[in-house]
Amino acid sequence: MTNLQSPTPIAQAPPAFHIMLKPRGAVCNLDCKYCYFLAKEMMYPGSRFRMADALLEEYTKQYIAAQRVPEVTFGWQGGEPTLMGLDFFRRAVAYQQKYAPPGTRILNAFQTNGTLIDDEWCRFFKEHGFLVGLSIDGPQPLHDFYRVDKGGQPTFGKVMRALELLQQHGVEYNTLTTLHAANVGHPLAVYRFLRDEVGTQFMQFIPIVERDNETGYQEGDRATDRSLTGKQYGDFLIAIFDEWVRRDVGRIFVQIFDVALAAWIGEPPGLCIFSETCGNALAMEHNGDLFSCDHFVEPKYKLGNIQEIPLLDLVGLPEQIQFGRDKRDTLPRYCRECEVRFVCNGGCPKDRFITTPDGEPGLNYLCEGFRAFFNHIDRPMRIMAAELRARRPPANIMRILAQEEAQARQWQTSVGRNDPCPCGSGKKFKACHGRRTN
Ligand code: SF4
Ligand code: SF4
């Protein structure tokens, strides 16, 4: 479409990377109070915020060609991608079919607030094997607390209607739940609702850490009142983990638990937040502007426009490679010496705006929660990792814990609290199997 010129010098792009595509930019039909993307509309004054067809085709061609792996995933996000209308996605699929070389598998992951989903959308999702991520924050009062439409009206009913349609049509879906000041104090209500009423088998929980400033950029060192605290985040994860590890392992997948298990068996986490370095999860705006990450759609992190510079060159730019390495290279000493660094890696750089106890900047705002949670799950994770190494299902953890807890209940009646724990740990009973967990 245009003469593409390569900038110099070009570093090596990774063999595979992911791009969150925002065909409608930041435009959304909802007005979720904590949304970090709504403020991005200010970056494109006067724009119609609609990806042009020629750009869609150009992007599809370049994106597929840039992935040197047999499976290519298109990630659709917003704003709200359904606002592009179904015909746009019909064309998107047609371009994918046109440019996919034989043997390449194309996948589509579609993140939506669900409010505009109808039978026609569902038929399309089903026909083309889209994986739909539905945003839902818990039972009705918790969901509606911040997730309202432009008129301030609740959206829970519409989201549940979308869920029903997705289920009726057999569309594959998972849930994305943001954790914030309103729902973080209700871990079991949220988890059980998602498991039992929404029927999701794959849950993602995204902590809302929203900086208190006027720009909407990652600036300043204060979080808004809507944000959760690190302690609340840790307490939430611990509460749902304790339920999951006793009854749901192997049938309910919670992203952060999977990521943790990978770390305990020494494999890469599969999620940039807990990787040592990042930089392979970029974002593209409706006009072809490419940014280092979905959380850094800011002028400072714009790599260029794919209509002017080939996508592969932009992804391989030295500044993007450096962006990813900085995640590791800027870790404060407190993190480098932390006992759970192997799984945490300091978390996402966007949240590193507090100081360590000895005054070094760059500590993650969620540190307290990460540390509590990863320490809390250490023993069950070790057991599950051992089961996996022995080629047995990690779900065996549920039987192992049940037996231990039955044994501990027996000991409660026969062992003094200050006696040595009969399990042989060398600890006092009250600090080991006799610990009160309420
Ligand atoms: S900045 Fe955070 S969200 Fe973005 S790629 Fe790095 S770890 Fe992932
Ligand atoms: S738990 Fe805290 S100190 Fe440890 S690596 Fe994570 S952010 Fe750093």
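Atoms considered below: every heavy atom in the structure, side chains included; atoms not considered: hydrogens, waters and symmetry mates. Both counts, for ligands and for their atoms, begin at 1 and track the order of listing.
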Close-contact set for ligand 1 against I273 heavy atoms, below 4.0 Å = 7 (S)

request  = Could you tell me whether F323 approaches ligand 1 through its side chain, its backbone, both or neither, with non-hydrogen atoms closer than 4.0 Å?
outcome  = side chain

task = For a side-chain hydrogen bond (donor to acceptor under 3.5 Å, both in side chains) with D137, tell me which candidate from N183, T178, T155 qualifies.
result = T178

task = Would you check whether K327 reaches within less than 4.0 Å of ligand 1, judged by its heavy atoms?
result = yes

task = Using 2.8 Å as a strict upper limit, say whether an N, O or S atom of C348 approaches atom 4 (Fe) of ligand 1 that closely.
result = no

inquiry  = With heavy-atom distances below 4.0 Å as the criterion, list the atoms of ligand 1 near P349.
reply    = 1 (S), 2 (Fe), 7 (S)

inquiry  = Under the criterion side chain to side chain donor-acceptor pair (under 3.5 Å), I'd like the reasoning laid out for D242 against H376: C-alpha separation, chi angles, the key distance, then a yes or no.
reply    = CA-CA 9 Å; D242 284 350; H376 179 83; 2.7 Å; yes

task = Check each atom of ligand 1 against the heavy atoms of C278 and keep those under 4.0 Å away; list them by number with element.
result = 5 (S), 6 (Fe), 7 (S)

message = Would you say that L314 contacts L317 through its side chain, given a criterion of any heavy-atom pair below 4.5 Å between the two side chains?
response = yes

request  = Show your working on ring-ring contact (aromatic ring centres under 6.0 Å, His included) between W244 and F253 and close with a plain yes or no.
outcome  = CA-CA 9 Å; W244 174 83; F253 297 89; 8.2 Å; no

query = For atom 8 (Fe) of ligand 1, does an N/O/S atom of C293 lie at less than 2.8 Å?
reply = no

message = Applying a heavy-atom cut-off of 4.0 Å, say which part of L366 lies close to ligand 2: side chain, backbone, both or neither.
response = neither

query = Which ligand 2 atoms does R371 reach within 4.0 Å, using its non-hydrogen atoms?
reply = 1 (S)

ask   = Short list, please: which atoms of ligand 2 are under 4.0 Å from a heavy atom of C344?
value = 1 (S), 5 (S), 6 (Fe), 7 (S)

inquiry  = Tell me the protein heavy atom at minimum distance from atom 8 (Fe) of ligand 2, and give that distance in Å.
reply    = C335 SG, 2.3 Å

inquiry  = Just checking R48: does its CZ atom have more than 12 heavy atoms from other residues, nucleotides or ligands closer to it than 6.0 angstrom?
reply    = no

request  = Cation-pi check, R352 to Y334: give yes when NZ or CZ is under 6.0 Å from the six-membered ring centre and within 45° of the ring axis, no otherwise.
outcome  = no

inquiry  = Please compare P357, A372, C367, G346 and report which has the shortest non-hydrogen distance to atom 2 (Fe) of ligand 2.
reply    = C367

query = Under 6.0 Å from the CZ atom of R247, do we count more than 12 heavy atoms belonging to anything else shown?
reply = yes

Contact atoms of ligand 1, heavy-atom distance to H295 under 4.0 Å = 3 (S)

inquiry  = Can you report which non-hydrogen protein atom sits closest to atom 4 (Fe) of ligand 2, along with the distance?
reply    = C338 SG, 2.4 Å

ask   = In terms of side-chain heavy atoms, does Y99 have a donor or acceptor partner in Q62 at a distance below 3.5 Å?
value = no

ask   = Got F89 and T82 here, is their nearest side-chain heavy-atom distance under 4.5 Å?
value = no

